[in-house]
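Before any comments, here is the structure.
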Amino acid sequence: MSNPQRSFFFNVDWLMVFIYLALCTIGVFSIHSAVFDPKNPSLVDLDTNYGKQFVFVMVAIVLGIFILLLESRFLSALAPTVYGISVLLLLLVLVIGRNVGGNQAWISLPGGFRLQPSEFAKFSTCLLLARYLSATNVKITELRSFATAAAIIFLPMVLILLQPDAGSTLVFSSLLFVLYREGLSPYFLILEGLFIALFVLTIKVGHLPIIIGCIIGLSIIIILLFRRNRKTLVTIGVGTGILVAFVLSVNFLYTKVLKPHQKVRIDIVLGITKDLRGKGYNVNQSKIAIGSGKLWGKGYMHGTQTKYSFVPEQSTDFIFCTVGEEFGFAGSVVVLGLYLLLVLRIIYVAERQRSPFSRVYAYGVASVIFFHVVINIGMTIGIVPSIGIPLPLISYGGSSLLSFTVMLFILIKLDSNRMGMIYN
């Protein structure tokens with residue numbers, strides 16, 4: 001029988017590799033179109049964003065190959081160290097970080113490059129969470145295990161929130177789906193959904209007595225419809241108390257915690273205010289760009305919104321505008337289809353793992369990528385507030401590209417060794 005470690009090349013999930021390369025290619029050419037400068041037409045000119053992105057992709061591919069050559073057990077053993085380094089970098093950026101766009105989230109490097117620690121904290125958190133949840137004595141349904149798993153997720157969230165980078169902070173909330181897959185009660189997912197709905201209702205409606213009355217009334221109806229044993233009553237009572245307390249705290253969170261520009265973005269999405277020439281300019285121009293592409297688009301390098309820089313940050317957070325304008329609805333569907341295929345493939349790969357560590361890690365990767373795609377594209381079409389998170393593998397940025405590359409190729413490596421030993 002052949003050694004799984006030596007035959008990893010034949011066990012690699014080439015479909016995931018193909019999707020990865022396709023998205024990276026789309027990214028480079030989209031950035032090239034978004035910021036093209038006739039004076040610097042070369043793809044490898046480091047004075048341009050597309051030149052830098054091309055180099056980032058080459059480095060990322062080499063890094064991906066290097067990960068495939070590693071011993072799988074080494075990835076599990078290294079999880080606490082990688083997580084610890086990420087936490088130290090998150091602390092360091094609060095001290096020496098460079099402020100960009102109102103967030104102190106970057107560490108300056110030689111050569112004009114910048115490192116964003118929050119991007120690398122995503123895969124390191126997935127690694128440590130997988131290592132912890134795959135331990136034989138851990139049961140997520142027990143309070144101690146749940147508290148430890150929650151602490152692993154919340155520590156980087158708190159440090160990133162201090163930058164303050166609300167977008168990257170919210171990404172970590174997607175890891176709740178990993179805990180659900182490992183046995184956490186679905187009530188936690190329902191509770192998260194209720195928090196979001198109540199936050200929106202409280203800001204949009206504003207009448208606290210009416211909202212609180214509806215919560216209490218709904219709780220009474222649930223009690224009357226279902227079994228009225230002590231456990232049910234206690235659960236509903238505690239849940240009702242948490243929701244009421246949350247509603248009462250929304251105004252404080254909205255006025256004291258959120259930054260003014262964040263509040264304006266939420267108000268614009270909810271239709272409370274319209275500021276098409278101010279804070280709502282980006283989203284409005286983004287929707288115009290995507291809509292103008294119609295079915296087949298205007299053609300590569302022929303997007304007028306793109307060429308005349310109507311959409312700010314078009315090579316980073318709003319890169320999807322370039323796809324929508326130049327390749328239309330058809331091109332947008334192709335890109336969305338690639339992401340959907342990638343997430344579904346990761347879930348399929350997760351379910352065929354013999355190692356709990358690999359399965360948990362795979363669900364972490366799927367959750368983070370899915371959250372990024374939904375929120376980023378939601379930003380560009382104006383259905384969620386603009387919170388500044390990149391489109392995986394397409395948006396400009398070395399930290400983001402390298403982070404998602406490491407995240408995906410660790411999974412590909414773990415999957416290539418799935419027929420080997422089962423390890424924790």
Side-chain angles (χ1 to χ4, degrees), residues 2-31 43 53-76 78 82 119-120 122-124 126-127 130 319 323 331 333-355 357-373 376 390-420:
S2 62
N3 187 331
Q5 283 299 121
R6 293 182 178 178
S7 60
F8 79 90
F9 183 84
F10 301 99
N11 295 327
V12 164
D13 192 300
W14 290 108
L15 178 57
M16 270 200 286
V17 174
F18 169 78
I19 298 171
Y20 166 82
L21 293 174
L23 291 172
C24 287
T25 302
I26 292 171
V28 170
F29 283 98
S30 295
I31 295 167
L43 272 177
Q53 189 73 2
F54 181 80
V55 174
F56 290 150
V57 170
M58 295 298 102
V59 173
I61 291 173
V62 173
L63 181 60
I65 295 172
F66 173 76
I67 291 172
L68 292 180
L69 295 173
L70 293 176
E71 166 67 47
S72 294
R73 293 178 182 271
F74 179 71
L75 297 172
S76 176
L78 199 62
V82 174
E119 290 295 329
F120 296 95
K122 295 168 188 175
F123 80 81
S124 67
C126 289
L127 273 176
I319 190 66
V323 176
V333 168
V334 170
V335 172
L336 288 173
L338 286 172
Y339 280 121
L340 179 60
L341 181 60
L342 178 61
V343 172
L344 291 177
R345 185 62 181 180
I346 292 173
I347 293 174
Y348 170 78
V349 166
E351 290 300 328
R352 74 182 181 187
Q353 299 305 306
R354 300 175 63 192
S355 160
F357 173 81
S358 301
R359 182 187 66 245
V360 176
Y361 178 76
Y363 270 98
V365 174
S367 298
V368 170
I369 291 177
F370 180 78
F371 186 92
H372 264 268
V373 173
N376 180 276
L391 190 60
L393 306 175
I394 292 183
S395 289
Y396 168 75
S399 293
S400 174
L401 177 64
L402 294 176
S403 173
F404 280 112
T405 297
V406 172
M407 188 181 291
L408 273 173
F409 275 85
I410 286 177
L411 173 59
I412 293 170
K413 174 59 185 177
L414 293 173
D415 178 61
S416 72
N417 195 46
R418 66 185 179 274
M419 301 308 294

Student check: side-chain heavy atoms of Val343 and Ile347 closer than 4.5 Å: yes

Result of checking Asp415, Leu414, Leu344 against Val349 for side chain to side chain contact (heavy atoms under 4.5 Å, CB included): Asp415

Those residues that, when tested against Gln53, pass side chain to side chain donor-acceptor pair (under 3.5 Å) (two or more places apart): none

Heavy-atom pair with the smallest gap, counting every atom of Glu119 and Ser403: O-OG, 2.6 Å

Partners meeting ring pair (Phe, Tyr, Trp, His ring centres under 6.0 Å) with Tyr363 (sequence neighbours left out): none

Set of residues satisfying ring pair (Phe, Tyr, Trp, His ring centres under 6.0 Å) with respect to Phe409, sequence neighbours excluded: Tyr20

Residues which pass side-chain contact (heavy atoms from CB on, under 4.5 Å) with Leu21, listed by chain and number, not counting sequence neighbours: Val17, Ile61

For Tyr339, ring pair (Phe, Tyr, Trp, His ring centres under 6.0 Å) partners two or more places apart: none

Listed partners of Arg345 passing side chain to side chain donor-acceptor pair (under 3.5 Å), at least two apart: Asp13

Where Cys126 and Val365 come nearest, the two heavy atoms and their spacing: SG-N, 4.3 Å

Gap between atom OG of Ser76 and atom CD1 of Ile410 - 0.5 Å precision: 11.0 Å

Residues which pass side chain to side chain donor-acceptor pair (under 3.5 Å) with Ser124, listed by chain and number, not counting sequence neighbours: Ser86

With Phe120 via ring pair (Phe, Tyr, Trp, His ring centres under 6.0 Å) - residues at least two apart: none

Any donor-acceptor N/O pair, Lys413 side chain to Leu70 backbone, under 3.5 Å: yes

Compile the donor-acceptor pairs under 3.5 Å between side chains in residues 393-400 and protein atoms, sequence neighbours left out, one pair per line.
| from | atom 1 | to | atom 2 | distance (Å) |
| --- | --- | --- | --- | --- |
| Ser395 | OG | Thr316 | O | 2.6 |
| Ser395 | OG | Leu391 | N | 2.8 |
| Ser399 | OG | Gln116 | N | 2.9 |

Minimal non-hydrogen separation, Ser72 against Asn417, with atom names: OG-CB, 3.4 Å

Contacts of type side-chain contact (heavy atoms from CB on, under 4.5 Å), residue Val59, not counting sequence neighbours: Val55, Leu402

